[in-house]
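Quick notes on the structure that follows.
Here is the naming used below: chain letters follow the sequence lines, and residue numbers restart at 1 for every chain. Here the structure is a predicted model, which is why all the values come from computation and not from measurement. The figures here come from the full heavy-atom set of this structure, side chains too, leaving out hydrogens, waters and symmetry mates.
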Amino acid sequence: METRVRFAPSPTGALHIGGGHTALFNWLWARRTGGKFVLRIEDTDRERSTQEYEETIMSGMRWLGLDWDEGPDLGGPYGPYRQSSRLDLYWENAEKLAAEGHAYKDGNAVIFKVLPNVELSFDDVVYGRIETKSDGLRDRESGDLKDIVLLKGDGMPTYNYAVVVDDHFMKITHVIRGEDHISNTPKQLLIYKALGWEPPLFAHLPMILGKDKKKLSKRHGATSVYEFRDMGYMPDSVFNFLANLGWSAGEDKEIFDREEAAELFELSRVTRKPAVFDPDKLNFINQEHLKRLDPTTRLGLIKPFWKEAGLPVEEYDDAYLAEALTLMGGRGQTAKELAAFSDYYVSFEPVKERWKPEGVSPVGVTEELRPKLKDFFSVLLAEPHWAAEALETRARAWVEEKGVKMKDYAMTLRYALTGMKVSPGIFEVATLLGRDEVKRRLEFYDLV
RNA sequence: GGUCCCAUCGUCCAGGGGCCUAGGACACAGCCCUUUCAAGGCUGCGACGCGGGUUCGAAUCCCGCUGGGACCGCCA
């Protein structure tokens, strides 16, 4: 039988990390088994659901590379895929439950009667056997057995009811969702039972917690996938990072792409312990993916951040800019960081803003030192073969002759060209910047 | 309060009776490389929550405790 899984967000906010994690594992399982991944919108909360959020969630999923096979935009054989368009189905089956005595009406609402001592144990694909009875479904204060609202006063179904009806009619084979739903499962099982339907397999996923071990929320800073995009994280990295939460590819493999993950994924390897979101690890994974990018892709990623910083990106050709980024090597953990670290290739302005004569490590540009620096830079600028190796050879010869330290002069050059105390090899930087630009920058600081 | 779930380095994972003096990764520290910072290489720091069993042997199985978490909405 074909595997059918679904991700069923309610459009009451952007796609957050926890939702992305759930969607990702569903996607992985669908791709691994060659099955179908269904997107269903649970918009039964009329107050909070909006069309905008629905679109935001969908584009968040697309950004992560989680494509679905059936959904409100694509349609499919078991639609419609928006709960607000499936009301007849909910009404019909609620009516049936009421007619058979499983439910009763309370005004417009239809409420499922919970009987004591009903066996509701089930075998969770990741948690194993979960033993419970209907007796556990008690009210917080009164402690009485609590009936389950099926249809609300406004005619909309509740989550626990709609999810059963939809999963059944959409022929979902595996319900893969967060562990916070384990305790909802018995209620749903009760409804399956009353309706005489075969329940799907359940596979619950460990929660993602913040540093304080509490369920990840806004308090923990960035939680929507878009915030990560805006901070300069790549979708491949966020995907990779999320996939490693509650699952491992095995064999110490932790950097991978979607295809590899889809090939290796196994529900049986999903862990049960809640996972703490570690931004350091995300940074590392992002850096790894950043390093693996080809120059063109990398440039496409960095450009927006340069532009955002107000740099005249259009004045340069792509080959030059790509070369600059190649020179940057493994520096920077996010696109934003890499863009900030490499602004001096695109403009002299940020260099000027950072420059302080005394800021040059370790000695600063003192008037006493200036003549020597001028001599050094003049010699460099006079180098006929404008290439990193030739410049370095020339510089080494000069410092050796003068009996001074390369570091003092290289650092001043670095600072004048980049406005930073750290950069790739400064002769490489100078080479790429070109003789004219190097001269311009040095002249500006009266260093040549 | 009730029900359920979970428990290996600070964090993410591996290990599921002997291969474990517990492995990898992030982070952290140090060294090498070096004109600086990354990258890379090497080294170090660092965990089976506690107590009982079962067993020749337990991180691994069982029980209890403790500690976390989730749910108990006409929210999803």
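For the residue pair A/Arg441 / A/Thr418, no side-chain donor-acceptor distance below 3.5 Å is found, with atom types taken as modelled. Judged by distance alone, the side chains of A/Glu54 and A/Thr56 never bring a donor and an acceptor atom under 3.5 Å apart.
If you take atom P in B/G17 and the same atom in B/A7, they sit 15 Å apart, rounded to whole Å. Remark: the separation of the P atoms in B/C48 and B/A22 is 11 Å, to the nearest Å. Distance noted for atom P between B/C50 and B/C56: 24 Å (whole Å). Rounded to whole Å, the separation between the P atoms of B/G51 and B/G40 comes to 41 Å. Using C1' as the reference atom, B/A47 and B/G41 are 27 Å apart when rounded to the nearest Å.
Listed in residue order, the members of residues 39-53 of chain A having a heavy atom less than 4.0 Å from RNA chain B are A/Glu42, A/Thr44, A/Asp45, A/Arg48.
Looking at heavy-atom distances under 4.0 Å, A/Phe427 makes contact with a base. At a threshold of 4.0 angstrom between heavy atoms, the contacts of A/Thr12 with the nucleic acid are absent. Residue-level contact check: A/Glu141 touches neither bases nor backbone, having no heavy atom under 4.0 Å from any strand. Across all strands, A/Ser423 comes closer than 4.0 Å to base atoms (heavy-atom distances). Among the protein residues, A/Lys405 comes within range of no part of the nucleic acid, since none of its heavy atoms lies under 4.0 Å from any strand. Among the atoms of the strands shown, base atoms are found under 4.0 Å from some heavy atom of A/Pro424. When heavy atoms are screened at a 4.0 angstrom cut-off, A/His204 is found touching no nucleic acid atom at all. Residue A/Arg177 is out of contact with every strand shown, counting any heavy-atom pair closer than 4.0 Å. A/Lys253 comes within 4.0 angstrom of nothing in the nucleic acid, heavy atoms only.
The base of B/U3 does not come close enough to the side chain of A/Arg138 for any donor and acceptor atom to sit less than 3.5 Å apart.
Phosphate proximity of B/G40 to A/Lys291: present, with a side-chain N or O under 4.0 Å from OP1 or OP2.
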Going 5' to 3' through nucleotides 6-12 of chain B and flagging B where a protein heavy-atom sits under 4.0 Å of the base, S where only the sugar-phosphate is that close, and - otherwise, we get SSS--SB
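Only one option out of A/Trp27, A/Phe228, A/Tyr233, A/Phe256 pairs with A/Phe239 in a ring pair (Phe, Tyr, Trp, His ring centres under 6.0 Å); it is A/Trp27. A ring pair (Phe, Tyr, Trp, His ring centres under 6.0 Å) with A/Tyr415 is found for one member of A/Tyr445, A/Trp355, A/Tyr409 and no other, namely A/Trp355.
Among the nucleotides B/C74, B/U35, B/G40, the one closest to the side chain of A/Lys152 is B/C74. Minimum atom distance to the side chain of A/Ile130 is reached by B/C4, of the listed B/C4, B/C74, B/U35. Among the nucleotides B/U35, B/C74, B/G68, the one closest to the side chain of A/Arg396 is B/U35. Considering only side-chain atoms of A/Asp106, the nucleotide from B/C74, B/A25, B/U35 that sits closest is B/C74. Comparing B/A76, B/G1, B/C37 by their nearest atom to the side chain of A/Val422 picks out B/C37. In the set B/U35, B/C4, B/A76, B/U35 carries the atom at the smallest distance from any side-chain atom of A/Ile426. Checking B/A25, B/U36, B/A76 against every side-chain atom of A/Arg414, the shortest atom distance belongs to B/U36. When each of B/A70, B/A76, B/C4 is scored by its nearest atom to the side-chain atoms of A/Thr132, the top-ranked nucleotide is B/C4. Each of B/G68, B/U36, B/A27 was ranked by its minimum atom distance to the side chain of A/Met411; first place goes to B/U36.
The partner of B/U66, taking Watson-Crick or G-U wobble pairs whose two distances both stay under 3.5 Å, is B/A7.
For the atom pair A/Leu97 CG and A/His102 NE2, the distance stands at 7.0 Å (nearest 0.5 Å).
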Stepwise side chain to side chain donor-acceptor pair (under 3.5 Å) test for A/Tyr104 and A/Asp147
CA-CA 10 Å; A/Tyr104 56 92; A/Asp147 292 340; 2.7 Å; yes
May I have the step-by-step check of salt bridge (Lys or Arg N to Asp or Glu O under 4.0 Å) for A/Arg292 and A/Glu288, ending in yes or no? CA-CA 6 Å; A/Arg292 286 164 167 72; A/Glu288 289 303 307; 3.0 Å; yes
Check: Do A/His289 and A/Asp236 pass the side chain to side chain donor-acceptor pair (under 3.5 Å) test, and can you show the C-alpha distance, the side-chain angles, and the key distance before you say yes or no?
Finding: CA-CA 7 Å; A/His289 282 271; A/Asp236 299 33; 4.7 Å; no
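Under the 30°/60° scheme for interplanar angles, the aromatic rings of A/His21 and A/Phe25 are found to be tilted. Relative ring orientation between A/Tyr192 and A/Trp197 is described as perpendicular, the plane-to-plane angle rising above 60° on a 0-90° scale split at 30° and 60°.
Atom CG in A/Asp180 sits about 12 Å away from atom C1' in B/C75, given to the nearest Å.
Comparing A/Lys133 and A/Gly329 along RNA chain B, the residue whose closest nucleotide (by nearest heavy atom) sits nearer the 5' end is A/Lys133. When each of A/Asn160 and A/Gly332 is assigned the nucleotide of RNA chain B bearing its nearest heavy atom, the one mapping closer to the 5' terminus is A/Gly332.
Taking 4.5 Å as the limit, every side-chain heavy atom of A/Thr271 sits out of range of all side-chain heavy atoms of A/Trp247.
Taking the six-membered ring wherever Trp is involved, the centroid distance between the rings of A/Phe202 and A/Phe122 falls below 6.0 Å.
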